[in-house]
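To start, the structure itself, in structure tokens.
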Amino acid sequence: MSASADKPAVLGGSPVIERAEWPTWPPRLPEINAALNNVITNDQWGVGSQAVEDFEQAFCGYQEAQYGIAMTNCTVALYAALAAFDIGPGDEVIIPAYTFMATAAAIIQVGATPVFADIDPLTYNLDPDATEAAVNSHTRAIIPVHIGGNPADMEAFKDLAAKYNLALIEDAAQAPGAMYGDRKVGAIGDLGCFSFQSSKNLTAGEGGILLTNDEHLYDKIFQVYNCGRTLTGPWYEHVYPGLNFRISAFQAAVLNAQMPHLEGWVSKREENGLYLEGLLNEIEGWRCLGRYAKTGRNAYHLQISAYNPGSFSGLPKKKFLAALLAEGVVATDGYRPVYSMPFIEDSEPLPHTEAACRDQVWIRQFELLADRHLMDKTAEAIRKIQDHSRLLCAQDI
Ligand SMILES: Cc1ncc(COP(=O)(O)O)c(C=O)c1O
């Protein structure tokens, strides 16, 4: 190895990986252009679109749910899910604080109160015991988030929902293709919400879908998302003050073109994710998050690790990430606890959530679509930083 290759790239050495080697996202498939052209020329662009109907059917089929309503995004899908249960003022909904703010914002927008329960340090998913401790007579629903695409402990949450008669809504924004046992997530609880925003594992830039196996809920969700219309009623009959959350045919076309690739992407992320984690867990002091015994498959929207500066001569995470970036690996910090946002009042810090927000290191889903050798090189880059961590600590990087 040359002296330059051995020296940390952030200090002028050669990087382990050339950034151009990584895949990029969104997937620029020629099929997407064709699907969009087909909508422009042949389809309705909104209401009545064949592309929207096709996508709802394809995604429901893939995700093993009976009913699906595609929407403009996942935030409104969460809102529609809560509204479908008539959850509103005076009601409480238990959620993790290690999530995107939308999980809480949807609850606030229906007039209810988000109640934060702590997460399980193994997976950073909502902890069922902490959830049970937060249940009271105002509790109406639980929203476990399959964080990073790693399924929450759905069996425990189904038991809790049954025991306390609560709605169980899956925030599956990050989890297309994830499996708990032999079932895909999304319709294991009463209903589930997915996101197709630009960072997501399947994307139309923006977009979402709500899935359920419950016909009655499907009917209610239709009213909430489609201006209060019923599934079978006349166009100008509005039985509920619903809003318009309808997806456009263009978003649906972009998603349809990706559907034949989805299972291949999901498998590749899982294979590369597991392979990378095998390598990373061999690095002294490195900890990748785990999964539940019943987890069938992690969708790996994020590969999440808990960084321990103690194993890197005390190198602060910010400097570690800067040094890793210079080596050609984009890994990032992530969430702040949702309860720390200015729009939340009176919420106590939760110890495991605080620790997760301190330690988290995220690797994004599309990097797990890279060739296998880049997983080896990612681990090599981290080892290189560890080897030079004492030197890096002393540098202003
Ligand atoms: C866990 C989680 N929930 C909800 C959302 C909201 O999704 P959207 O951006 O499609 O509204 C996101 C998106 O980042 C998310 O990650």
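Atoms within a ligand are numbered from 1 in the order they appear, just like the ligands themselves. Quantities reported herein were computed from a predicted structural model and do not represent experimental measurements. Residue indices begin at 1 and follow the sequence shown.
- Nearest protein heavy-atom neighbour of atom 3 (N) of ligand 1: D171 OD2, 2.8 Å.
- Between V330 and W22 there is no side-chain heavy-atom pair separated by less than 4.5 Å.
- Side-chain contact of D171 with T103: a donor-acceptor pair under 3.5 Å is present, judged by distance alone.
- Nearest non-hydrogen protein atom to atom 10 (O) of ligand 1 is S195 OG, 2.7 Å.
- Under the salt bridge (charged side-chain N to carboxylate O under 4.0 Å, His left out) criterion, D376 pairs with no residue at all, not counting sequence neighbours.
- For ligand 1, the polar-atom distance check against Q197 finds no nitrogen or oxygen pair separated by under 3.5 Å.
- Using a 4.0 Å heavy-atom cutoff, K200 is listed among the residues neighbouring ligand 1.
- Close contacts between ligand 1 and G207 involve ligand atoms 10 (O) [criterion: under 4.0 Å to a heavy atom].
- Of the protein's non-hydrogen atoms, the one nearest atom 5 (C) of ligand 1 is F100 CD2, 3.7 Å.
- Contact annotation: for C74 versus ligand 1, heavy atoms closer than 4.0 Å belong to both the backbone and the side chain.
- In terms of protein heavy atoms, atom 16 (O) of ligand 1 is closest to Q174 NE2, 2.9 Å.
- You'll find the ring centres of W265 and Y300 outside the 6.0 Å limit.
- Residues that satisfy the salt bridge (charged side-chain N to carboxylate O under 4.0 Å, His left out) test with K268, not counting sequence neighbours, are absent from this structure.
- Nearest to atom 11 (O) of ligand 1 by heavy-atom distance, out of T72, V145, T75, is T75.
- Using a 4.0 Å heavy-atom cutoff, C193 is absent from the residues neighbouring ligand 1.
- Between E206 and ligand 1, a contact under 3.5 Å exists for no N or O pair.
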Self-check item: From CA spacing to verdict: side-chain contact (heavy atoms from CB on, under 4.5 Å), W45, S248
Solution: CA-CA 6 Å; W45 292 3; S248 89; over 6 Å; no
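- Checking H146 against E170 by side-chain atom types alone, a donor-acceptor pair falls below 3.5 Å.
- For atom 2 (C) of ligand 1, the nearest non-hydrogen atom of the protein is A173 CB, 3.4 Å.
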Practice problem: Decide side-chain contact (heavy atoms from CB on, under 4.5 Å) for E31 and H261; before the verdict, give the C-alpha distance in whole Å, the side-chain angles of both, and the deciding distance to 0.1 Å. | Solution: CA-CA 11 Å; E31 303 95 289; H261 299 270; 2.6 Å; yes
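- Taking the centre and axis of the six-membered ring of W235, the NZ or CZ atom of R229 falls inside the cone set by 45° and 6.0 Å.
- Close N/O approach between T99 and ligand 1 is not found [any backbone or side-chain N/O within under 3.5 Å].
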